[in-house]
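Letters A, B, ... are given to chains in the order of the sequence lines, protein chains preceding strands, and every chain is numbered from 1.
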Amino acid sequence: MRSPAAGRRSNYPGVTVERKAGLLLTPAGRSVNLLDLPGTYSLRGRSPDEEITRDVVLGRLGSENAPDLLLCVADATNLRLALRLVLELKRTGRPMMLVLNMFDLARRRGIKIDLARLSAELGVPVVTAVAVKRDGTGELLRRMDELAQTSLGAGENTWKPPSAADLRAAQRTADRIIATAVGEPERPDTLTARIDKVVLHPVAGLVILLSLLFVMFQAVFSWAKPLMDLIQSGFDTLGELSHNVLPDGLLQSFIQNGVISGVGSVIVFLPQILILFLFILLLEDFGYMARAAFLMDRIMGSAGLHGRAFIPLLSSFACAIPGIMATRVIDNRRDRLTTILVAPLMTCSARIPVYTLIISAFIPAKHFWGVVNEQGLVMFGLYAAGIASALGVSFLAKHFVWQEHETPPFMLELPDYKLPRPRSVAMGVYQRAMMFLKRAGTTIFSMMVVIWFLASFPRPPAGATDPAINYSLAAIIGHWLTPVLAPVGFNWQIAVALIPGMAAREVAVAALGTVYAIEGGKEAAAQIGQALASKWTLATALAMLAWYVFAPQCASTLAVIKRETGSWKWMGVTFAYMLTLAYIAAFIVYHVAVALGAG
Amino acid sequence: MSESRQPQNGQQNGHVRLPLGVAPRGFRGRVDAIEVQQQSGGLPPAEIENRLLELGFVEGAHVEIMHEGAFGRDPIAVRVNNATIALRRREAMAILATQDDHA
C-alpha cells in the first residue's frame, strides 16, 4: 500500500485547499503515504480546490499514480450528501473505504447506524472514527491492514461528470440507504438551531460579528503586551551580552545591530500573530466562519465581492498568503481574481510591527471617556482604511474592469456547531508560528545582513566627524532615492529601509532599527521609537502609515499571486496598483498634515 | 432537468406550492421540483440545477427556511433534511416546494 488518499469532506470550504501529505504506520507495520484532499461535494471540479481532489482521485496528476485506497471521511451526524458522493466515487473503480467521523457525537444524539447494512448497501467497507480522540483512528488503521492483505485491485473507471439525472438518481439511492441503515436522531441537535437563532439574526447577528472582530483586535494588542515585553527584554539582554563579550569593532556591530536587534525587532510580534490565528482557527473549528460568510454576503456583494470571499479576506488579516490560497474555494475566475487582487490590502500581521512602532512613537497614549485608547483608535482606523480600500478597489474592478459581470450564486453548507478541537487548533497555531519564525530566520535575517552591510560600508574616512552611516552605501542609495520620495515626506533613512522592506513589510522596522542604531551608537539600538520621534515630523510619520496601508511590500505575497493566477500579468497589476495607491495616499496625507501644521 | 418538469401552478391538491425564493422564514415543505428558468450569475441553468442537487435539493427532500439575511431578507438558510444550506433567494427561485399540511 503506497499511497492511499483521504478524500475528505471538510466542515466548510476553505479549511483544506491544498493537498497535505503525511506518513503513518499501521499496526502491521505498513508505511502509508496519506494525502489529505480538499473537501468536495462531487468530482466535477467546479473550483480550483475541487479540481485538485478530482485530479488526485482519478490519477490525473502527472507526478502521481491514482491512490491505492480512497478514504472518504464523512460526518456521521450528517451522512446524506456524503453518501451520494460515495456512490459517485465508486464509479472511479478505486478501492474505497467510508470513514464515519464523529461517531461518538452521532451516538450521543441517538442516531443508530447499522454499519453492516450500510456497508452492504453501499458495497464499500465502513469504519467508525473519532478524530478528536488520540486512539480514535485505531479501528481505521486495523481495517486498512485487513484490506491490504486481501486485495486492493482497482476496478474499471467508469466515472464521467454526472448529469442532473445521475445526481437525482444517486441522491435517491443515498436517501433510500439512509432510510434503511440510519435511524432518525432520538435527540436531534437543537443547539445549532438555538445558537443560529441569535447568531444569524438579521440585526443581532451583524452586531455579534462586529463585536467578535473588535474583541479580536483588542486582544491582539492587550493580551500580547506582556509576552512582547518579555521577548523584547530578552533580546535587549542578549544584545548587551554580545556587546560586553565581543571586542569593539565590526563583528560586535554585526552581531548586536545586524543580527540581534534586527531579527529581535521582528520576532517580538510573534505573540500578536499567534493570538490572531488562535481566534481565526477557533472560529473556523467552531463552525462560525460559514455563518460570517452568510451574514456578509449582501454587504460584500454590493462591493462586487462574493460571500465566500469573506473567509479568504478575514484570513488575510493574519497573512495574505493563506488568504490568497483560500480563494480557491471561489469557483468563478473573475470573483477569485478580484479577491486575490484586494487580499493584500487587508491589514496583515506584518504591518502590525510598522504600525505599532510609529503609533507608539507619535500618538500619545491618552484615553478618552476612560476606556477608548487613542493609540488603539488610530490602529482601528488603519484597519478600517485597509477594509475600505479593499472594498473600493473591488467595486471599481467590478464596474470598470469586468463590467456587467453578474454575481455568481452563493451556496454554502452551514455546518452544525461543534466544540473546537484543542489539538487541531493548537496544531494550526503551531504551524503558523513556525512559518513566521522560518521567515524571520531566512528572509528577514538575510535582509538584515544586507542592510547591516550597506549601512556599515564603506567605513568612514579617518578623522570623520559625522556618524559612520553618513559615508555608507546605504546613505548613497538613500540620497539617490530621495528626489522620488521627498514629495511624500520620506527622508533617506526611510528610503533605505523601504528597499529591503520590499521583501517583507516588517523588515522595514528592523532596517530602521539597524540604520538608526548604527547612526546613533549602541545605546540607540533598543529605542527605535524614540529615535523616530526625535527625527521624524508627525507629517512624515502619518505619511509612512498611509504608505503602509497600500504598499505592495511583500515578495512572498507577490510570488503566491503569480502562482495562484498562473500569470505574471496579475502579479504586475497588483504590484503596480498598490504602489500607485501607496504613493498617492502618502502624498495626500503628508501635504494635508503639513498644511495643518504637523510638518 | 426534463424528467422532473411539471406544470407550475400555485395550488396542487389543495396544497400551496411556491418557489422557495419567495417563501417566508418559517416555511416548511417538501421539494416538488427543481426548475431553473434562466441562467443566473453567469452560469447556465443546467449547472445551477446540478449545484442545487449536489447540496441535497432533490424532489421529496424536506425543507425549512430557518434564517434570512438583514438586507432584502437575503440570503436564506434552509434546513434540507439534516443539513443547513445557505443560498440566495435568486437561486432558490428554482426550488419549487409544497407547503406542509400542518403548517
Under a 4.5 Å cut-off applied to non-hydrogen side-chain atoms, are [X] and [Y] in contact?
X: A/Leu206; Y: B/Phe71; value: yes
X: B/Arg88; Y: A/Asp297; value: yes
X: B/Leu52; Y: A/Met411; value: yes
X: B/Glu54; Y: A/Arg46; value: yes
X: A/Gln171; Y: B/Leu53; value: no

Which atoms of [X] come close to chain B, meaning under 4.5 Å heavy atom to heavy atom: side chain ones, backbone ones, both, or neither?
X: A/Ser163; value: backbone
X: A/Arg44; value: side chain
X: A/Leu295; value: neither
X: A/Asp166; value: neither

Side chain, backbone, both or neither: which part of B/Arg79 has a non-hydrogen atom closer than 4.5 Å to chain A?
-> side chain
Residue A/Phe286 excluded, over 12 heavy atoms near CZ under 6.0 Å |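 More than 12 heavy atoms, drawn from other residues, nucleotides or ligands, come within 6.0 Å of this atom.
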Any donor and acceptor pair, going by atom type alone, linking the side chain of A/Arg80 with main-chain N or O of B/Gly56 inside 3.5 Å?
-> yes
So, for A/Glu413 and B/Ala83, which heavy atoms are closest and what is the spacing to 0.1 Å?
->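 Heavy atoms only, the tightest pair is OE2-CB, 3.9 Å.
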Looking only at heavy atoms, which two atoms of A/Pro202 and B/Ala70 are closest? And how far apart?
-> O-CB, 3.3 Å
